[in-house]
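Right, one structure below, let's go through it.
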Amino acid sequence: MPDNGWPADRIDTENAHSARIYDYILGGKDYYPADQEAGDAMAREWPALPVHMRANRDWMNRAVRRLAEEAGMRQFLDIGTGIPTSPNLHEIAQAVAPESRVVYVDNDPIVLTLSQGLLASAPEGRTSYIEADFRDPAAILDAPELRETLDLDEPVALTVIAIVHFMLDADDAVGVVRRLMEPLPSGSHLAMSIGTAEFAPAEVGRVAREYAARNMPMRLRTLDEAHEFFEGLELVEPGIVQVHKWHPDGTGEQGIRDEDIAMYGAVARKP
């Protein structure tokens, strides 16, 4: 039993997990042999996979920083947090505004086990953690941790980063995002990265088959399908684009080819 009270035996070390594969590809340390085997197999199918994953992470950093700096966001609700990788979302937001408040949501036991690092907020702000499934928005919105940390009378930035491609049609990812946005007031924002196979269909298709073979089927989306998440919202320029094209600032990897990126990214404002 770890110090935070979550039983270690809840963590399945025999089967690969998407968050741990992501951590392995990004050069982290919180993965198991099954995750390493899966990551290596996927990278053989698409050698650009590490470039793609790093670009998604860099996009998240830029999007959160711009939300804090330019949109004035001081409250963040992050769905599908994944394994902590510094800088975490709250570190980015609080570097701009130390009073920022962040609620992290995930249902992966290893994320729960490692979440003490997530909770190390700046003293002026606050972070909290909700154990819940993205597919159950009521459990997220009704969680006492959310109401204790965020003021839903003030704008909130909802971040849904690199998760909806693991939601199948039956999960109604678009409907879930709309239900999460519904109680948020005018001036709130939605930031999403959305998996696609439009730029390297053969290679990304092979990666998707590797995920599916490990019981992680994927639902990759077209640009038109990505737009469905933002209906009724005001897209921030440049709209929905591949993540490496969204306000590049020169700090990420340079010379990225379009065919090396399988993720759209966008930020939109609730009117």
- [ ] Search all heavy atoms of D106 against all heavy atoms of G82 and return the closest pair with its distance.
- [x] OD2-N, 2.8 Å
Could you tell me whether the side chain of [X] and the main chain of [Y] form a donor-acceptor pair under 3.5 Å?
X    : Y    : value
K270 : P185 : no
E225 : T222 : yes
R221 : V164 : yes
S100 : A97  : yes
D171 : A173 : no
Q36  : Y24  : no
S193 : A162 : yes
D35  : Y32  : yes

Can [X] and [Y] be counted as an ion pair, charged N to O under 4.0 angstrom?
X    : Y    : result
E210 : R214 : yes
E231 : R178 : yes
E145 : R126 : no
R20  : D30  : no
R101 : D151 : no

Task: Pairing residues for D23 by the side chain to side chain donor-acceptor pair (under 3.5 Å) criterion, not counting sequence neighbours - done: none
For a 4.5 angstrom cut-off between non-hydrogen side-chain atoms, does [X] reach [Y]?
X    : Y    : value
R206 : R44  : no
N88  : Y104 : yes
V51  : R257 : no

Open item on the list: Is the distance between the ring centroids of W59 and H247 under 6.0 Å?
Closed with: no
TODO: Please determine which of N61, L67, T159 meets the side-chain contact (heavy atoms from CB on, under 4.5 Å) test together with L89.
DONE: T159
Task: Reference residue M263; test side-chain contact (heavy atoms from CB on, under 4.5 Å); the match among N56, V204, I161, L220 - done: N56
Are [X] and [Y] linked, directly or through other ILVMFWY residues, by side chains that come within less than 4.5 angstrom of each other?
X    : Y    : value
L223 : V177 : yes
V160 : V102 : no
W246 : L190 : no
V267 : M192 : no
I256 : I194 : no

Open item on the list: I'd like to know if the side chain of D260 pairs up with that of H244 as donor and acceptor (distance under 3.5 Å, no hydrogens or angles considered).
Closed with: no
Task: Pairs involving residues 143-192, ordered by first then second residue, that meet ring pair (Phe, Tyr, Trp, His ring centres under 6.0 Å) (sequence neighbours left out) - done: F166-Y211
Task: Verdict with supporting geometry, F199 and Y264, ring pair (Phe, Tyr, Trp, His ring centres under 6.0 Å) - done: CA-CA 11 Å; F199 300 93; Y264 286 119; 5.7 Å; yes
